[in-house]
Every structure is written in C-alpha cells, then in structure tokens.
Amino acid sequence: MAITESILSIVLAEAEKRDATRVKTVKIEVGELTNIVGDCVKFYFELMSKDTLASGAEVEIAEVPLQAKCPLCGKVKRVENLDFICECGTGMKIIAGKELAISAIEIE
C-alpha cells in the first residue's frame, strides 16, 4: 500500500507541474524480484486516487523478467529457479528484475 501511495504521489506531482486536468494512464515497470503484485497496485491505486486528478486512470503494469550477466564470458540469461551460475561456471550478476519505475504518465 505504501508503494502505491508513493506512485500516486509522484503521478499527481507530475500532473500538477504540467497543469493537467486529468491523468489518463500510468505505466509502471515492476521487476520480478520485487515481489510486487500488479493487481494489488492497481486495486490500491484505484482506491487512493478517488477525488484526485488520477481518478479513473488506467494503470498498466509491465513485468520485467529477472536477468543476469556473467562477468567472465558476458553471457546474459533469463534466470529461472534462482540459478545464477553461468554455463562457464561463474556466478552471474543481476542486470534486470529488481526495478520499480513509473515509465510513463499520460495526461490531458
């Protein structure tokens, strides 16, 4: 709930900066490792945004898959079952899947 509250706060601040009359769409990128449930964000956003510029805004969630890169051979792979070992035997570093970002806000 606190995450959604922060998202709404950022959205409203940006909308007010641009003298918007309404927020139409909010696009959010959520990494697989964040354990954030997109449906919960949408549900709380709808509740919290009532009587604001964002009331009725569509919230689009794009899930970012967990990816890692080998520091030795440079191979990038989609991590499944928390397997962070490269085919060359080296431990891999996470390069995607931890993010939480507002990627776009569509306003009128």
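Residue Phe43 is grouped with residue Ile28 when hydrophobic side chains (ILVMFWY) are merged at heavy-atom distances under 4.5 angstrom, including chains of intermediate members. Val76 and Val79 sit in two unconnected hydrophobic clusters of ILVMFWY residues. Membership requires side-chain heavy atoms under 4.5 Å apart, directly or through other members.
Atom SG of residue Cys86 and atom CE of residue Met92 lie 4.5 Å apart, to the nearest 0.5 angstrom. Rounded to the nearest 0.5 angstrom, Lys77 NZ and Phe84 CZ are separated by 8.5 Å. We find the CZ-CD distance between Phe45 and Glu58 to be 11.0 Å, quoted to the nearest 0.5 Å. The structure places CG of Leu8 at 6.0 Å from OG of Ser49, a figure rounded to the nearest 0.5 Å. Taken to the nearest 0.5 Å, the CE atom of Met48 stands 11.5 Å off from the CG atom of Leu12.
Within the 3.5 Å criterion, the main-chain N or O of Ile85 finds a donor-acceptor partner in the side chain of Asp83.
A side chain to side chain contact (heavy atoms under 4.5 Å, CB included) with Ile107 holds for exactly one of Val23, Leu53, Val26; it is Val23.
Counting heavy atoms from C-beta outward, Thr90 and Cys73 have side chains that stay 4.5 Å or more apart. Looking at heavy atoms from C-beta onward, Glu108 lies in side-chain contact with Arg22 at the 4.5 angstrom threshold.
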Donor-acceptor pairs under 3.5 Å, side chain of residues 94-106 to any protein atom, not counting sequence neighbours: which ones?
{"residue": "Glu99", "atom": "OE2", "partner": "Gly97", "partner atom": "N", "Å": "2.5"}
{"residue": "Ser103", "atom": "OG", "partner": "Lys27", "partner atom": "O", "Å": "3.3"}
{"residue": "Glu106", "atom": "OE1", "partner": "Thr25", "partner atom": "OG1", "Å": "3.4"}
{"residue": "Glu106", "atom": "OE2", "partner": "Lys24", "partner atom": "NZ", "Å": "3.4"}

With a 3.5 Å cut-off and sequence neighbours excluded, list the donor-acceptor pairs that the side chains of residues 32-42 form with protein atoms.
{"residue": "Glu32", "atom": "OE1", "partner": "Leu66", "partner atom": "N", "Å": "2.7"}
{"residue": "Glu32", "atom": "OE1", "partner": "Arg78", "partner atom": "NH1", "Å": "2.8"}
{"residue": "Glu32", "atom": "OE1", "partner": "Arg78", "partner atom": "NH2", "Å": "3.4"}
{"residue": "Thr34", "atom": "OG1", "partner": "Gly31", "partner atom": "O", "Å": "2.7"}
{"residue": "Thr34", "atom": "OG1", "partner": "Ile36", "partner atom": "N", "Å": "3.3"}

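Applying the salt bridge (Lys or Arg N to Asp or Glu O under 4.0 Å) rule to pairs touching residues 7-17 yields Glu14-Lys17, Glu14-Arg18, sequence neighbours excluded.
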